[in-house]
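Encoded as structure tokens, the structure appears first; notes follow it.
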Protein chains: 2
Amino acid sequence: MSTPGAEPSQEGSLLLDDQLCFALYAASRAVTARYRPLLDELGLTYPQYLVMLVLWEQDQISVRDLGNALQLESSTLSPLLKRLEANGLLRRERRAEDERSVALRLTDAGARLRERADTVPLAIGDAMGLSPEQDATAKQLLRLLTTNVTR
Amino acid sequence: MSTPGAEPSQEGSLLLDDQLCFALYAASRAVTARYRPLLDELGLTYPQYLVMLVLWEQDQISVRDLGNALQLESSTLSPLLKRLEANGLLRRERRAEDERSVALRLTDAGARLRERADTVPLAIGDAMGLSPEQDATAKQLLRLLTTNVTR
DNA sequence: CCCTAATGAGTTGCGCACGACTAAATAGCG
DNA sequence: CGCTATTTAGTCGTGCGCAACTCATTAGGG
């Protein structure tokens with residue numbers, strides 16, 4: 001009859017390749033894999049790189065605010081931050097005005113790493129190979145999706 | 001001066017919120033989190049659900065072909081498949097014609113689970129809240145991105 | 001002022017995800 | 001036919017990611 005595989009994708013389908021969720025899952029892992037060799041040079045994992053991005057933007061942030069920025073739990077961040085501290089990129093210090101809160105402060109090494117990192121976004125943008133319009137559309141749709149899905 | 005936060009996003013920026021990679025990372029985790037309560041009812045994790053999708057589509061697939069479909073390494077799949085086998089959803093049997101290869105065969109329980117799972121895609125599609133056009137555009141862009149990024 | 005509720009960071013347990021490696025089996029070349 | 005290279009699945013170690021929980025500290029109502 002018709003060409004096999006030419007049927008339209010359906011949202012309610014149980015077929016793997018019809019599902020946006022799988023495209024999302026596969027793309028996320030593929031992008032992370034693309035970052036890996038670049039971040040290896042900096043001695044960072046991908047989540048550690050995200051943490052450093054936030055700290056380069058705003059030093060002395062609390063663990064709480066970092067978690068809000070990255071949408072990660074303290075149970076994920078605490079060990080990760082301990083590793084960054086052990087690698088000499090940041091220090092953790094209890095806030096005097098609120099002993100529950102921990103402020104993250106970049107060390108000199110942590111601040112200097114920014115210069116070596118500033119070629120990374122362009123290299124990745126290049127590898128992604130999307131036009132500025134496609135990039136903007138993708139970001140917009142992914143943010144809408146994230147908003148909807150988190151109620 | 002100008003309104004803070006009104007500057008255009010840039011691809012080469014080190015700002016977290018400018019980066020497509022973070023939108024992707026956050027969206028992927030948010031979608032997985034949305035699946036969690038639904039999949040808990042089925043006794044599956046999200047990657048286990050993806051494996052079951054493939055098996056419902058094509059029973060008796062090899063670990064190798066499953067890995068190609070999901071883009072996952074055997075080092076990820078082997079323990080995951082062992083858990084699915086322990087939960088009684090599939091059996092692993094060495095192929096007689098090639099003793100290196102392992103065929104995955106659904107048990108009756110594994111096949112029956114499909115019926116309970118067929119409401120999941122619609123529930124998720126609903127939660128995602130994208131129009132059919134947005135859904136199609138997102139899938140298309142994510143696939144393009146995945147292709148580009150994996151060279 | 002007390003005392004209970006909340007908040008912030010951390011620990012533990014489990015399941016991915018992947019690189020590096022191993023062992024067994026097969027392919028395929030000389 | 002023999003032997004080496006490749007293929008397939010698996011183990012091990014490390015680092016997330018998150019639920020469930022703990023502990024210390026602070027907020028805020030009676």
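Just so it is clear: chains get the letters A, B, ... in the order the sequence lines come, proteins before strands, and each one is counted from 1.
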Exercise for review: Take the protein atom CD of B/E99 and the nucleotide atom P of D/dG10, then report the distance between them rounded to whole Å.
Suggested key: 13 Å
Review point. Relative to the 5' end of DNA chain D, which residue comes earlier, A/E73 or A/D98, by the nucleotide with the nearest heavy atom?
Key: A/E73
Practice item. Taking only the side-chain nitrogens and oxygens of A/Y46, find out if one of them lies under 4.0 Å from OP1 or OP2 of D/dG15. Key: no
Exercise for review: Kindly say if A/Y25 contacts the phosphate of C/dA17, meaning a side-chain N or O under 4.0 Å from OP1 or OP2.
Suggested key: yes
Revision key, fill the gap. Testing D/dC16, C/dA17, C/dG19 for proximity to the side chain of A/R36, the answer is C/dG19
Practice item. Whole angstrom is fine here: how far is it from CG in B/D65 over to C1' in D/dT8? Key: 11 Å
Practice item. Could you go through the side chain to side chain contact (heavy atoms under 4.5 Å, CB included) check for A/T119 and A/L38 one step at a time? Key: CA-CA 9 Å; A/T119 61; A/L38 301 179; over 6 Å; no
Study note, to complete from the structure: Picking from C/dG8, C/dA17, D/dC16, the nucleotide nearest the side-chain atoms of A/T45 would be D/dC16
Review point. Rounded to whole angstrom units, what separation is found between the CG atom of B/L72 and the C1' atom of C/dG15?
Key: 13 Å
**Study point:** Side chain of A/Q48 - closest among D/dA9, C/dA27, D/dC16
**Key:** D/dC16
Check your understanding: Quick one: the side chain of B/S74 and the base of D/dG10, do they pair up donor-acceptor inside 3.5 Å?
Key -> yes
Review point. Considering only side-chain heavy atoms of A/L80, which listed nucleotide, D/dC16, D/dA19, D/dA9, is closest?
Key: D/dC16
Review point. Picking from C/dT12, C/dA9, D/dA9, which would you name as closest to the side chain of A/S75?
Key: C/dT12
Point to revise | Among C/dA17, D/dG10, D/dT8, the nucleotide that comes nearest once only the side chain of B/P47 is considered | key: C/dA17
Review point. Under 4.0 Å between a side-chain N/O of B/T76 and OP1 or OP2 of C/dA17, yes or no?
Key: no
Check your understanding: Between B/E93 and B/R105, is there a side-chain N and carboxylate O pair less than 4.0 Å apart?
Key -> yes
Practice item. Would you indicate, yes or no, if C/dA9 has its OP1 or OP2 atom less than 4.0 angstrom from a side-chain nitrogen or oxygen of A/S101? Key: yes
Revision key, fill the gap. When rounded to whole Å, the CG to C1' distance for the pair A/L70 and D/dC18 reads 15 Å
Review point. Can you tell me how far P of C/dG10 sits from CG of A/L81, to the nearest Å?
Key: 7 Å
Check your understanding: Taking for each residue the nucleotide of DNA chain C bearing the nearest heavy atom, is the 5' side occupied by A/R29 or by A/P79?
Key -> A/P79
Exercise for review: Decide, yes or no, whether a salt bridge links A/E99 with A/R94 under the criterion of side-chain N to carboxylate O below 4.0 Å.
Suggested key: no
Point to revise | Nearest-angstrom distance from the residue atom CZ of A/R100 to P of C/dA6 | key: 13 Å
Review point. Using a cut-off of less than 4.0 Å, is there contact between a side-chain N or O of B/R64 and OP1 or OP2 of D/dA9?
Key: no
Review point. Would one find a side-chain N or O of B/K82 under 4.0 angstrom from OP1 or OP2 of D/dA9?
Key: no
Check your understanding: Taking atom CG of B/L80 and atom OG of B/S75, what is their separation to the nearest 0.5 Å?
Key -> 11.5 Å
Study note, to complete from the structure: Separation of C/dT11 atom C1' from A/R83 atom CZ, nearest Å, is 13 Å
Revision key, fill the gap. Of the listed C/dC18, D/dA9, C/dA9, the closest approach to the A/V63 side chain comes from C/dA9
Review point. Any side-chain heavy atom of A/L113 sitting closer than 4.5 Å to one from A/W56?
Key: yes
Review point. So what does B/R95 touch, heavy atoms closer than 4.0 Å: a base, only the sugar-phosphate, or nothing?
Key: nothing
Review point. What nucleic acid atoms does B/S62 come within less than 4.0 Å of, heavy atoms only: base, sugar-phosphate, or nothing?
Key: sugar-phosphate
**Study point:** 4.5 Å side-chain heavy-atom contact, B/L89 and B/L55
**Key:** no
Exercise for review: Could you tell me the separation between the CG atom of A/L20 and the CG atom of A/L141, rounded to the nearest 0.5 Å?
Suggested key: 9.0 Å
Point to revise | C/dA17 phosphate, OP1 or OP2, under 4.0 Å from B/Q71 side-chain N/O | key: no
Check your understanding: In whole angstrom, what separates A/Y49's OH from D/dC16's C1'?
Key -> 18 Å
